Number of protein chains: 2
Amino acid sequence: MKVLVVDDETTILETVETKLRKEGFSVFTAESAEDGMRIYKQAKPDLLILDVMLPNRSGMDLCRAIRRDSKVPIIFLTAKASEQDRIQGFEMGADDYVVKPFNLSELAARVKAVLRRSTGDPSKDLIESGNLRIDPKTHDATLEGKTLSLSPKEFALLYFLGRNSGQVFSRDTLLDRVWGPESYVSARTVDVHIRWLRERIEIDPSHPVRLVTVRGVGYKFVS
Amino acid sequence: MKVLVVDDETTILETVETKLRKEGFSVFTAESAEDGMRIYKQAKPDLLILDVMLPNRSGMDLCRAIRRDSKVPIIFLTAKASEQDRIQGFEMGADDYVVKPFNLSELAARVKAVLRRSTGDPSKDLIESGNLRIDPKTHDATLEGKTLSLSPKEFALLYFLGRNSGQVFSRDTLLDRVWGPESYVSARTVDVHIRWLRERIEIDPSHPVRLVTVRGVGYKFVS
DNA sequence: ATATTGCTTAACAGAACGTTAACGACCCAC
DNA sequence: GTGGGTCGTTAACGTTCTGTTAAGCAATAT
C-alpha cells in the first residue's frame, strides 16, 4: 500500500515516513502542495496524509484539486482542530483528522482503519483455478471442496503464485514478494515450501502439474 | 423521500443537508431533541439521522421516544463507535451507525442502504448459525434455546465475528472494530475473550469448530 | 562424465497460541 | 460509605506448530 505524505516540516515528514515504513507501507513524501500534486500523479498512492497548513496553496486546496478526479482516502494533519476546520475538511471529502502533536502509533492505526474502510477489502480477491480455490478473506484453500490446512507461509506463497498465474518467479523474487524485502533467508527455503505445497495440491507430488519448476529460473503456477 | 437530521452543530447540519438535497432527498433539520420531535410529528420523515449527543435530552432518548410509536429507520451519528456502542444503538432500534468524522458520500450511501433495507425484510440484525442465535436487539445469545450469559465484551466480539461469518480478522482489527479505535490494549486480550467464548459455544473448547484460530492471522467464525 | 540445479528429509529454534490466575476498576445493593 | 460481585486486562508459563537450515540424493544439461 502506497502512502503519500505532504508536510512542509521536514522533521514531521521523516518521523512519519519511518513509522509507516516500519508498518509495511511504501511511503512517498512531498514538502509542498505543488510537489504533492506532482508525486500524486506519478505514484498514484492509495492514501494521502495532508498537512492543512502549507505555504502558497494550502493542503485544503490540494485536497480539493485531487478530489476532482479521485476518491483516494485523505487524512488531514492539523495543528488546531476546531470544529470549523473539521467540517471544512469533511466537506472536501477528508476521511479522517489527526491533530498535531499526534501519536505516531495512533496515526498508523488511523491510516490502517481508513484504508480498511475505504477499500472494504476488495483487494483480496478469490482465486479459482480448476478445482482449486484460494480465498484470502476466509484464509481458506480448498481442493475439490476439501479444505487444505496450509500454514501461513504456505498460504501466502500459494496465493501469490496463484494470483500471478503462469508467470515464472525466481526464488529471490519470491523471497522478496512473499517473505518480504527485509527477510534474509536462504533461497533453499522456497524449495521446501514448494515441496510442502505440492504434497497438498498435486495428485502426484513427484510429477507436478500446478506448481511447476522452471529449471534455472524458478517456479510458476499453471492453471 | 423525506429525511430529518437532528444535530446541535449548525455546520454539520448544513453540510449534511446540502449533500442529501443533492442526492434527491427532502431534508428537514432540527438543532435540538425538542425541535426534532416536533418536526418529526409534522413532517413524518422516512428516515432520521440523529446525533447521539444532544443538549438536554440526548439523541438516544429521542430515539427511544420515537420508537414507541414508529418503526421509522434511524441512523446515529456518533463521535466514537466501538461494537459495544453499536449494539447499544441496535438495542434501541437504530438501523445504522456513522462515526464522526464521517465522509459525506459514505453517509449518503448508508442512508440509501438503510432505506432499501427497511422497505424489504426488517429483522436482519439477528444472527443465526446452526443452533446458535445472536440477537443484538435483546442482547441475548442462545445455544439450543438455552441462554448463554455473555459479558458485554464477549457479546460484542461474538456478534461482530458472527456478522462477518467466515472472514478472518487479525487481533488488531478486532481491537479496532470491537473494542473501538481509541483503545490501546494488548492484542492478547482478544485471546482471552475468545477462550471464554469457546467455553460457552463450543462442544469441546479445546477443539473449536465455530471460533476457529487461523494461525499467523487471527480468528474467524464458521457456520 | 561431471557440474549444476533441484528435491527430499529430519532436526532444531523460535514464534504463535492456549490457558490460568491475579489484579484493579467498576457497579450495585445494603 | 462498604462489601461483594462482575468484568476486562495483563502477565506468566506451557504447549503446539511453523520456518529455516543443512546435508545427502536425484535429475538434468553440457
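Keep in mind that this is a model prediction, so the values were computed, not measured.
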**Report entry** R210(A) atom CZ, over 12 foreign heavy atoms within 6.0 Å
**Finding:**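 Yes, enclosed.
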**Report entry** R198(B), CZ: over 12 other non-hydrogen atoms inside 6.0 angstrom
**Finding:**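 Yes, the 6.0 Å shell around CZ holds more than 12 heavy atoms from other groups.
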Query raised in the report: The side chain of W179(B) lies closest to which of these nucleotides: dG8(D), dA22(D), dA11(D)?
Result: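 Output: dG8(D).
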Requested in this report: For the pair E202(A) (side chain) and V209(A) (backbone), establish whether a donor and an acceptor sit closer than 3.5 Å, ignoring hydrogens and angles.
Outcome: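 Pair found, side chain donor or acceptor close to backbone of V209(A).
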Report task. Without swapping roles, check the side chain of T15(B) against the backbone of I12(B) for a donor-acceptor pair under 3.5 Å. Result ->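 At least one qualifying donor-acceptor pair exists.
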Using whole Å, report how far [atom1] of [X] lies from [atom2] of [N].
X: D191(B); N: dG18(C); atom1: CG; atom2: C1'; answer: 8 Å
X: R171(B); N: dG8(D); atom1: CZ; atom2: P; answer: 18 Å
X: K153(A); N: dA15(C); atom1: NZ; atom2: P; answer: 12 Å
X: F155(A); N: dG19(D); atom1: CZ; atom2: C1'; answer: 18 Å
X: R188(B); N: dT19(C); atom1: CZ; atom2: C1'; answer: 10 Å
X: R195(A); N: dT21(D); atom1: CZ; atom2: C1'; answer: 16 Å
X: D172(A); N: dT5(C); atom1: CG; atom2: P; answer: 13 Å
X: R215(A); N: dA26(D); atom1: CZ; atom2: C1'; answer: 10 Å

Report task. Pick base, sugar-phosphate or nothing for S186(A), based on heavy-atom distances below 4.0 Å to the nucleic acid. Result ->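 S186(A): backbone/sugar contact only, no base atoms under 4.0 Å.
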Requested in this report: Would you classify Y219(B) as touching base, sugar-phosphate or nothing, given that sugar-phosphate means primed atoms plus P, OP1 and OP2, and contacts are heavy atoms under 4.0 Å?
Outcome: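 Sugar-phosphate contact only.
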Within less than 4.0 Å of OP1 or OP2 of [N], is there a side-chain N or O belonging to [X]?
X: T189(B); N: dT10(D); answer: yes
X: H193(B); N: dC7(D); answer: no
X: T213(B); N: dG18(C); answer: yes

**Report entry** Side-chain ion pair, R38(B) and E34(B), N-O less than 4.0 Å
**Finding:**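 Not counted as a salt bridge, because no side-chain N and carboxylate O are separated by less than 4.0 Å.
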Query - Nearest-nucleotide comparison on DNA chain C, the residue closer to the 5′ end among W196(B) and R198(A) - result: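 Per heavy-atom nearest nucleotide, the more 5' residue is R198(A).
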